J.: 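Encoded as structure tokens, here's the structure I'll be asking about.
All values below were derived from every heavy atom in this structure, side-chain atoms included, with hydrogens, water molecules and symmetry-related copies excluded. This structure is a prediction, so every number in the text was calculated from the model and none was measured. Within every chain, numbering begins at 1; the chains are lettered A, B, ... in the order of the sequence lines, protein sequences first and strands thereafter.
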2 protein chains.
Amino acid sequence: MTTTAPQTRIQKRNREVILNAALEVFSTHGFRGATLDQIAAAAGLSKPNLLYYFSSKDAIHIALLEGLMETWLAPLKEIDPKGEPVEELVAYVLHKLQMARDFPRESRLFANEIVQGAPRIAPQIDGPLKALVDEKAAEITQWVDEGRLAPVDPHHLIFSIWATTQHYADFDVQVRGILRPNGTEHFDTASDFLAAFYRRALTPA
Amino acid sequence: MTTTAPQTRIQKRNREVILNAALEVFSTHGFRGATLDQIAAAAGLSKPNLLYYFSSKDAIHIALLEGLMETWLAPLKEIDPKGEPVEELVAYVLHKLQMARDFPRESRLFANEIVQGAPRIAPQIDGPLKALVDEKAAEITQWVDEGRLAPVDPHHLIFSIWATTQHYADFDVQVRGILRPNGTEHFDTASDFLAAFYRRALTPA
DNA sequence: GTCTATATAAGGATAGAC
DNA sequence: GTCTATCCTTATATAGAC
């Protein structure tokens, strides 16, 4: 948050209620598709009351995105350069898949934003995100050079992990539509598939 | 198209101009985010003239999606069950990546639609798309059973191919932001990465 | 802090001249 | 076929009572 922290307990609680409602609506309909009426209804508050806590629709959206970036990148930070390469990366894949399952709204919020050109978070991408990815890419390259990992382009590897895991949140309707009627446990089968797939592709010859 | 084909040459041409402009705008801003003003400006026509050719904003969007689904699925149909399994699938990956490079707007149009719950194309997903995927999944399973392909869940394999290739169109800003300043040829490096990656993961032991 | 009422603007769609 | 002018709904945001 860049703004001052809320003071009273009720303020804090209402801000949270609003952000949760907004996450639901923005992630489903995109920024433009979402309306304050929908968010107000989901939050159980009146529309003007929303704007008592946040100065505008934009401000709500920005607050959501800012609060999210850090959480979203945490798993990448946890890749341990001192660990066993293949296991570290497979663990990262499974961690990201778990997040797609547990926080699909957050994933879709990002997807909406980035597909539409990231008008509100381009600076976050070009700054902290790029820095972290470059750092981790260097560590992966180190592993490859040591022969402990199959030769891969580290940036594209990271992209592939993001793509394959977030797919299950972002394209959920499609996945369910195709896997129906056996799609109830598709995160389990995806977990098995991805773990085996990345293990095969990354284990050095 | 479900509607009657346009008669005169000028009608046909204007419909195409409008659809092209609409693809640009819808793919960038989503359905709700796009305005008829923007589409009209991009098409070089007046707003009422747009509505002379298409009965509503919705009608334009639907026409786009309908015309697209077939093109988008064509590469999947071309996987030859009589071919060499690993090579057929690697070729499919590269074909899909090429489409992401050559038709990013089409990819983003789909992404926008599906991320937001596919309100307008759910029937297409549950019908023809599922049918085709199930058919191809059976062929892949056959290959696995014959020991000509590493053991993989065919549905999740297809999802992973869609995810990793379309990622370069849908998340283009993110990819460019991270690969900057060396991102001009990133489709080439992605091509190398994905070909090697899928080959390693799919070749039987 | 929360509401009702309302100002104001944007956007989809139509009327009707040319 | 194409335009200008306009209708009308929706949606963001504010005023002001309580």
Side-chain angles (χ1 to χ4, degrees), chain A residues 1 3-65 109 112-113 116 119-120, chain B residues 1 3-65 109 112-113 116 119-120:
Chain A
M1 310 282 183
T3 53
T4 317
Q7 268 102 31
T8 75
R9 236 161 302 173
I10 187 164
Q11 277 179 343
K12 189 175 178 191
R13 193 180 159 281
N14 272 344
R15 283 181 64 98
E16 277 170 16
V17 166
I18 291 169
L19 286 177
N20 183 59
L23 175 58
E24 184 70 30
V25 179
F26 280 134
S27 65
T28 309
H29 298 98
F31 179 74
R32 282 285 305 256
T35 70
L36 289 179
D37 273 318
Q38 290 175 300
I39 298 173
L45 296 171
S46 71
K47 204 162 35 163
N49 207 9
L50 239 63
L51 296 168
Y52 172 78
Y53 288 100
F54 292 90
S55 58
S56 67
K57 180 184 177 181
D58 244 274
I60 303 176
H61 196 242
I62 290 170
L64 271 181
L65 289 174
L109 184 72
N112 265 306
E113 182 69 9
Q116 300 188 8
R120 278 165 264 266
Chain B
M1 311 282 183
T3 53
T4 316
Q7 268 103 31
T8 75
R9 237 161 301 171
I10 187 163
Q11 279 180 341
K12 189 175 179 192
R13 193 181 159 281
N14 272 344
R15 283 181 65 97
E16 277 170 15
V17 167
I18 292 170
L19 286 177
N20 184 59
L23 175 57
E24 185 71 30
V25 178
F26 280 135
S27 66
T28 309
H29 299 98
F31 179 74
R32 281 286 304 256
T35 70
L36 288 180
D37 275 318
Q38 290 175 299
I39 298 172
L45 296 171
S46 71
K47 201 161 42 162
N49 206 9
L50 238 64
L51 296 167
Y52 172 77
Y53 289 100
F54 291 90
S55 60
S56 68
K57 181 184 177 182
D58 245 275
I60 302 176
H61 196 243
I62 290 170
L64 272 180
L65 289 173
L109 184 73
N112 265 306
E113 182 70 10
Q116 299 188 11
R120 277 165 264 266

J.: With a 4.0 Å limit, can you tell me whether B:Thr8 has a side-chain N or O closer than that to the phosphate oxygens OP1/OP2 of D:dG1?
T.: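 It does, given that an N or O in the side chain of B:Thr8 lies less than 4.0 Å from OP1 or OP2 of D:dG1.
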J.: Rounded to the nearest 0.5 Å, how far does CD1 of A:Ile39 lie from CD1 of A:Ile60?
T.: 5.0 Å
J.: Can you measure from CG (A:Leu19) to CD (A:Glu24) and round to the nearest 0.5 angstrom?
T.: 13.5 Å
J.: What integer distance in Å separates A:Asp37:CG from C:dT4:C1'?
T.: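 The answer, rounded to whole Å, is 14 Å.
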J.: Please give, in whole Å, the distance from D:dT12 C1' to A:Ile18 CD1?
T.: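 Rounded to the whole Å, the gap is 15 Å.
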J.: Would you say B:Arg32 and A:His29 are linked by a side-chain donor-acceptor pair, where the criterion is simply a distance under 3.5 Å?
T.: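 Looking only at side-chain atoms, B:Arg32 and A:His29 do not form any donor-acceptor pair under 3.5 Å.
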J.: Of the options C:dT2, C:dA13, D:dG1, whose atoms approach the side-chain atoms of B:Gln11 most closely?
T.: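 It is D:dG1.
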J.: Contact class for A:Ala40 vs. all strands (heavy atom < 4.0 Å): base, sugar-phosphate, or nothing?
T.: nothing
J.: For D:dA11, does either OP1 or OP2 sit under 4.0 Å from a side-chain N or O belonging to A:Arg32?
T.: no
J.: Within the pair A:Ser46 and C:dC3, is there a side-chain N or O less than 4.0 Å away from OP1 or OP2?
T.: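 Checking A:Ser46 against C:dC3: at least one side-chain N or O falls below 4.0 Å of OP1 or OP2.
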J.: From the list D:dG1, C:dA13, C:dT4, which nucleotide is the closest neighbour of the side chain of B:Ser56?
T.: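 Out of D:dG1, C:dA13, C:dT4, the nucleotide with an atom closest to B:Ser56's side chain is C:dA13.
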J.: Counting only side-chain N and O atoms of B:Asn49, is one of them less than 4.0 Å from OP1 or OP2 of D:dT4?
T.: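 Answer is no, no contact under 4.0 Å.
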J.: As a test of reading the structure: which of C:dG12, D:dA15, C:dT2 is closest to the side chain of A:Ile10, going by heavy atoms?
T.: C:dT2
J.: Which nucleotide wins on minimum distance to the side chain of B:Pro48, given the candidates D:dA15, D:dT4, D:dT12?
T.: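 So the nucleotide nearest the side chain must be D:dT4.
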J.: Once you apply a heavy-atom cut-off of 4.0 Å, does B:Ala59 come out as touching a base, just sugar-phosphate, or nothing?
T.: nothing
J.: Which distance, rounded to the nearest 0.5 Å, do you find between the OG of A:Ser55 and the CG of A:Leu50?
T.: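 Reported to 0.5 Å precision, the distance equals 11.5 Å.
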J.: How many whole angstroms separate atom CG of B:Leu50 from atom P of C:dG12?
T.: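 About 10 Å, once rounded to whole Å.
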J.: Using the ring of B:Phe31 (Phe, Tyr or Trp, six-membered ring only), decide whether B:Lys57 places NZ or CZ under 6.0 Å from its centre and within 45 degrees of its axis.
T.: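 Judged by the rule, B:Lys57 and B:Phe31 form a cation-pi pair.
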J.: Ignoring the backbone of B:Asn14, work out which of D:dT2, C:dA5, C:dG12 is nearest its side chain.
T.: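 Given the options D:dT2, C:dA5, C:dG12, the side chain of B:Asn14 is closest to D:dT2.
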J.: What is the distance, rounded to the nearest whole Å, between atom CG of A:Asp58 and atom P of D:dA13?
T.: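 Roughly 7 Å, once rounded to whole Å.
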J.: What is the distance from CG of A:Leu36 to P of C:dA9, rounded to the nearest Å?
T.: 17 Å
J.: Rounded to the nearest 0.5 Å, what's the gap from CZ on A:Arg120 to CG on A:Leu64? Could you check?
T.: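 These two atoms lie 11.5 Å from each other.
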J.: What nucleotide among C:dG12, D:dT2, D:dC3 has an atom nearest to a side-chain atom of B:Thr35?
T.: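 Between C:dG12, D:dT2, D:dC3, the one nearest the side chain of B:Thr35 would be C:dG12.
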J.: In whole angstroms, how far is the P atom of C:dG12 from the NE2 atom of B:His61?
T.: 13 Å
J.: Report the distance from atom CD1 of A:Ile60 to atom P of D:dA11, rounded to the nearest whole Å.
T.: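 Computing the A:Ile60:CD1 to D:dA11:P distance gives 15 Å.
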J.: Under 4.0 Å, heavy atoms only, any strand: does B:Leu51 hit a base, just the sugar-phosphate, or nothing?
T.: base
J.: Which part of the nucleic acid does B:Phe54 contact within heavy-atom distance under 4.0 Å: base, sugar-phosphate only, or nothing?
T.: nothing
J.: Expressed as a whole number of angstroms, how long is the span from B:Lys47:NZ to C:dG12:P?
T.: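 The answer, rounded to whole Å, is 7 Å.
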J.: Quick one: which of C:dG12, D:dT2, D:dT12 gets closest to the side chain of B:Lys57?
T.: C:dG12
J.: On the nucleotide D:dT14, are OP1 or OP2 found under 4.0 Å from the side-chain N or O atoms that A:Tyr52 carries?
T.: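 Result: no.
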